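For this chain, numbers begin at 1 and follow the sequence in order. In this text the structure is predicted, and so the values were computed from the model without any measurement.
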Amino acid sequence: AVGNACDNVAEIQLVRGGAIVGQFNSITAAITAASAGDVVQLAAATYTLTEKLTFNGISLVGASQATTILDMSAVPMNEATGLREQGILVRGANVQLREFTLQSPTRNGTTLGSSHGIKTNPNDNTADSTGLVITNVTVRDMKRSGIDLNGASGAVLTNVTASNIESGFGIAISGLSSNIDVNGLAVSGAAWGDVVVQPYSAIAPVGIRFTGVLSLSAIQLQPTTANP
């Protein structure tokens, strides 16, 4: 798969109510055709993203972490900040992200390019993501936090891995986030720390729970620090 597209349209399918309703040559085209509750289903391949992907009530499911790779190396850079946009922005209800790896390779051999890997809410401190499910997902080689949950309610993260985070946390949970369950998490190489739970605009998350196998050095609770 090349340039947010693929060599075979069967690699990207739109599933509605358990039935395939479309096949597409790009992830963006599938998202555009989707309705709330639909699933964009990816075959085992490497998909080179050319833009941020926004899932508003739509889910993304790959074949496995090892075989479905979303590569952000072609997402445009903001030359003023030296960052790409996040790879995936989540909005709306009941989005599921399952069975893939999201990566942002080095730029010019030295600098990691992406702002965040997966992010809810563009920092306006409103709760606009509910029921998010992230299962068997790896996020690696990011400039900022691998997964940034701000204003997420009722999220469940299961068997998530974050690695090689240059200037951020493996996972950051902040602001109006509430009732989040993390069951199985491995973080390595995150410059600011593995996990942080912190306020945003003086509003602190509540009901954050960690269970299962946790391969972490620490979970930071920061009562006054702003969101990274």
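By the 4.5 Å heavy-atom criterion applied to side chains, L53 and I27 are counted as neighbours. Side-chain atoms of V137 and E99, non-hydrogen and from C-beta on, never get closer than 4.5 Å to each other. A 4.5 Å side-chain heavy-atom check between V139 and I118 finds at least one atom pair inside the cut-off. Taking the side chain as every heavy atom from C-beta outward, S129 and R91 never approach each other to under 4.5 Å. Proximity of F210 to V195: side-chain heavy atoms (C-beta onward) are separated by under 4.5 Å at one or more points. Between I165 and W192 the shortest side-chain heavy-atom distance does not fall below 4.5 Å. Using a 4.5 Å cut-off on side-chain heavy atoms (C-beta onward), I69 and F100 make no contact. Counting heavy atoms from C-beta outward, V39 and L14 have side chains that stay 4.5 Å or more apart.
The closest donor-acceptor contact from the side chain of T68 to the backbone of A43 lies under 3.5 Å. Remark: the backbone N or O of S217 is paired with a side-chain donor or acceptor of D194 at under 3.5 angstrom. A donor-acceptor pair under 3.5 Å is absent between the side-chain atoms of S177 and the main chain of I173, judged by distance alone. Counting only distance, with no hydrogens or angles, the side chain of S145 and the backbone of F169 share a donor-acceptor pair below 3.5 Å. Without hydrogens or angle criteria, S178 side chain to P205 main chain gives no donor-acceptor distance under 3.5 Å.
Minimum heavy-atom separation, R144 to S167: NH1-CB, 3.3 Å. Of all non-hydrogen atoms in H116 and K119, the two that sit nearest each other are ND1-CD, 3.9 Å. Summarising the geometry of S174 relative to P199, their closest heavy-atom pair is CB-O, 4.4 Å, with the distance given to 0.1 Å. The two residues T161 and Q65 come nearest to each other via the heavy atoms OG1-NE2, 4.5 Å. Considering every non-hydrogen atom in both A30 and I12, the closest pair reads CB-CG2, 3.9 Å. Here the shortest heavy-atom pairing between S35 and R16 reads OG-NH2, 3.7 Å.
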Checking side chain to side chain contact (heavy atoms under 4.5 Å, CB included) for the pair D38/V15: CA distance, chi angles, key distance, verdict?
CA-CA 6 Å; D38 288 354; V15 177; over 6 Å; no
Quick one: do L132 and T120 satisfy side chain to side chain contact (heavy atoms under 4.5 Å, CB included)? Show the steps, please.
CA-CA 9 Å; L132 169 64; T120 61; 3.9 Å; yes
Check step by step if side chain to side chain donor-acceptor pair (under 3.5 Å) holds for E51 and T28.
CA-CA 9 Å; E51 59 188 319; T28 300; 2.9 Å; yes
Apply the test side chain to side chain contact (heavy atoms under 4.5 Å, CB included) to residues L70 and L42: give CA-CA distance (whole Å), side-chain angles for both, the deciding distance (0.1 Å), then the verdict.
CA-CA 10 Å; L70 305 183; L42 305 180; 3.7 Å; yes
Please determine whether side chain to side chain contact (heavy atoms under 4.5 Å, CB included) holds for the pair D71 and L102, giving the CA-CA distance in whole Å, both sets of side-chain angles, and the decisive distance to 0.1 Å.
CA-CA 6 Å; D71 189 310; L102 178 66; over 6 Å; no
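Note: N94 CG to S59 OG = 8.0 Å, rounded to the nearest 0.5 Å. Taking CG of L149 as the reference point, atom CD1 of I147 lies at 6.5 Å (rounded to 0.5 Å). To the nearest 0.5 angstrom, N159 atom CG is 10.0 Å from T138 atom OG1. Separation of atoms CD1 (I208) and CD1 (I171) is listed at 11.0 Å; rounding is to 0.5 Å. Once rounded to the nearest 0.5 Å, the distance linking OG1 of T130 with CG of N179 reads 11.5 Å. Taking CE from M72 and OG1 from T48, the interatomic distance works out to 12.0 Å, rounded to the nearest 0.5 Å.
Hydrophobic clustering (side-chain heavy atoms under 4.5 Å, transitive across Ile, Leu, Val, Met, Phe, Trp, Tyr) groups V182 together with L216. Under the 4.5 Å side-chain heavy-atom criterion for grouping Ile, Leu, Val, Met, Phe, Trp and Tyr, L221 is connected to L157 within one hydrophobic cluster. Follow the hydrophobic side-chain contacts under 4.5 Å out from I219 and you reach V187 in the same cluster. Hydrophobic clustering of Ile, Leu, Val, Met, Phe, Trp and Tyr side chains at less than 4.5 Å, counting indirect connections, keeps V156 apart from L214. Hydrophobic clustering, with ILVMFWY side chains joined whenever heavy atoms are under 4.5 angstrom apart, groups I58 together with V21.
If you check the side chains of Q103 and D141, you find no donor sitting under 3.5 Å from an acceptor.
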